[in-house]
There are 2 protein chains.
Amino acid sequence: MQQEPKWRRRAEDRPDEVLDAALRLFASKGFAATKVEDIAQEAGLSKGAIYRYFSSKDEVFESLVRRAVAPIAEKASMIAQTSKEDPRIVLKTLLTIAIVKLSDPEILAVPRLVLQEAGRFPELAETYRREVLDRGVAAIEKIVQRGIDEGIFRPVNARLAVRNVIGPLVAHLLLSQIFKFDAERIDSPQDFLESHFDLLINGLTPHTMGEG
Amino acid sequence: MQQEPKWRRRAEDRPDEVLDAALRLFASKGFAATKVEDIAQEAGLSKGAIYRYFSSKDEVFESLVRRAVAPIAEKASMIAQTSKEDPRIVLKTLLTIAIVKLSDPEILAVPRLVLQEAGRFPELAETYRREVLDRGVAAIEKIVQRGIDEGIFRPVNARLAVRNVIGPLVAHLLLSQIFKFDAERIDSPQDFLESHFDLLINGLTPHTMGEG
DNA sequence: TATTAGTAAATGACCAGTCATTTACTAATG
DNA sequence: CATTAGTAAATGACTGGTCATTTACTAATA
């Protein structure tokens with residue numbers, strides 16, 4: 001009569017499971033308010049076992065962020081040398097992908113946490129800036145610049161225009177996610193995207209003398 | 001030979017001094033990482049004395065935010081029924097004021113902290129949203145709507161366009177303040193403002209058929 | 001059986017909040 | 001004006017609870 005063991009040795013899967021659990025909890029309660037025991041419970045593990053895989057609570061957080069950063073950094077670099085398509089299309093595609101991804105609270109949580117804890121983890125924040133922000137900003141700048149060179153956009157300062165591309169997105173996420181605007185008042189991501197893109201492109205377009 | 005007293009009774013000034021000290025520390029280290037004793041030291045007081053004026057560390061934080069909210073809420077309400085001036089001018093004036101104010105880290109700290117601690121202080125976050133955000137957004141929406149009604153702006157969705165007004169500002173502050181973009185790469189607030197305003201207004205303008 | 005994943009309980013640092021005591025100030029009284 | 005009794009402000013040692021981390025042990029598995 002073989003009993004089910006009380007627990008199993010699954011050293012392969014544990015680290016990722018711990019990080020998943022930690023992400024969920026950090027996302028909803030923040031780093032400081034999340035106990036190591038909470039993480040253990042959420043991951044279906046005892047507190048002590050966490051320390052077999054991570055040397056401290058801080059390291060859990062850092063690993064978490066680094067795990068999330070890797071694939072993003074890779075993608076951002078690829079975007080830079082995207083197709084020679086109409087830069088307007090490229091921008092819209094990018095914004096669409098971004099808003100879809102970031103509408104998932106689990107994904108938005110990482111940059112949010114990095115921001116929140118930047119003071120306590122300056123190196124981590126620096127890494128995130130270098131690997132994600134810098135590359136993302138550079139990619140968008142490049143697209144805008146190409147639009148200018150091809151005469152599709154007005155000759156604006158591309159570096160500064162990046163803020164006009166990503167800013168409304170950031171504002172939208174901030175307003176809808178963090179301050180939890182009443183559900184009824186939340187405009188759908190699609191509506192927001194249309195509006196933003198319309199205003200953005202109209203703002204970037206030369207309009208030398210009606211061409212529409 | 002009269003010695004200077006070790007301390008003085010200054011019950012009038014203490015509360016504000018404590019809040020000032022707390023703001024400085026919360027801004028740089030965050031709420032959780034700031035000890036009550038730190039606040040006391042920064043305010044030139046002993047820990048125990050803090051509790052003569054505030055019943056808990058939480059209350060210090062709440063008082064701090066409420067003190068900062070009051071004047072902003074007042075101003076935001078006034079802005080709504082501003083002069084019948086050209087809405088473009090009104091927007092630019094608003095943006096200028098906003099960026100000047102928010103470039104002061106001490107002022108930016110409050111909304112940042114509210115965001116950071118929204119999870120732990122939901123009521124406070126709610127208050128902030130109602131008193132500051134809602135009013136600010138409403139004011140800008142009104143101005144944009146007036147511009148549309150007067151035929152100065154295209155008939156866009158005013159509510160959504162608000163994100164295009166404030167978003168780039170938020171992005172700018174995020175990038176320059178929180179991720180501490182290398183000093184050299186920080187574009188001056190003036191440059192940013194010019195660029196943003198240029199793109200924004202061009203985006204809102206009808207361009208029905210070249211008018212300059 | 002040896003090794004390693006895992007548990008549960010112990011440890012100790014840390015810190016918000018308390019309180020007995022001291023000090024600065026104020027006002028009543030002669 | 002000098003003395004002193006009364007009070008409010010401020011101190012700082014202390015407490016109790018909360019975790020992050022460590023340790024001593026146990027169960028799974030090769």
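Every chain is numbered from 1, with letters handed out A, B, ... down the list of sequences. Note that the structure is a prediction, hence the values are computed from the model and not measured.
Judged by distance alone with a 3.5 Å cut-off, a donor-acceptor contact links the side chain of B:Lys47 to the base of C:dA16.
Of the charged side-chain nitrogens involved, at least one lies within less than 4.0 Å of a carboxylate oxygen, so that B:Arg10 and B:Glu17 count as a salt-bridged pair. Between B:Lys92 and B:Asp86 there is no salt bridge, since no side-chain N of the basic residue sits under 4.0 Å from a carboxylate O of the acidic one. Contact check on A:Asp20 versus A:Arg67 returns a salt bridge, with a Lys/Arg side-chain nitrogen under 4.0 Å from an Asp/Glu carboxylate oxygen.
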Steps toward side-chain contact (heavy atoms from CB on, under 4.5 Å) verdict (B:Asn157, B:Glu141): CA-CA 9 Å; B:Asn157 179 326; B:Glu141 185 182 339; over 6 Å; no

A:Arg129 vs A:Val114, side-chain contact (heavy atoms from CB on, under 4.5 Å): CA-CA, chis, key distance, verdict: CA-CA 10 Å; A:Arg129 181 181 69 73; A:Val114 173; over 6 Å; no

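Rounded to whole angstrom, the span from the CD atom of A:Gln41 across to the P atom of C:dT7 amounts to 12 Å. Counting to the nearest Å, the C1' atom of C:dT18 and the CD atom of B:Glu37 are 14 Å from each other. Rounded to an integer number of Å, the gap from B:Lys35 NZ to C:dG17 C1' is 15 Å.
Taking every heavy atom of residues 6-27 of chain A and every atom of DNA chain D, pairs under 4.0 Å involve A:Lys6, A:Trp7, A:Arg8, A:Arg9, by number. For the segment residues 48-57 of chain B, the set of residues with a heavy atom within less than 4.0 Å of an atom of DNA chain C comprises B:Tyr51, B:Ser56, B:Lys57, in numerical order.
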Under 3.5 Å for both distances, Watson-Crick or G-U wobble, that's the pair rule; now give the dot-bracket for DNA chain C, with | marking pairs to another strand and [ ] for crossing ones. ||||||||||||||||||||||||||||||

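Within a 6.0 Å radius of CD in B:Gln41, other residues, nucleotides and ligands contribute 12 heavy atoms or fewer. Within 6.0 Å of NZ on A:Lys29 lie more than 12 heavy atoms contributed by other residues, nucleotides or ligands.
Classified by interplanar angle (parallel below 30°, tilted 30° to 60°, perpendicular above 60°), the ring pair B:Phe26/B:Phe31 is tilted.
Geometrically, A:Lys57 does not engage A:Tyr51 in a cation-pi contact defined by less than 6.0 Å to the ring centre and at most 45° from the axis.
Judged by distance alone, the side chains of B:Glu131 and B:Thr127 never bring a donor and an acceptor atom under 3.5 Å apart.
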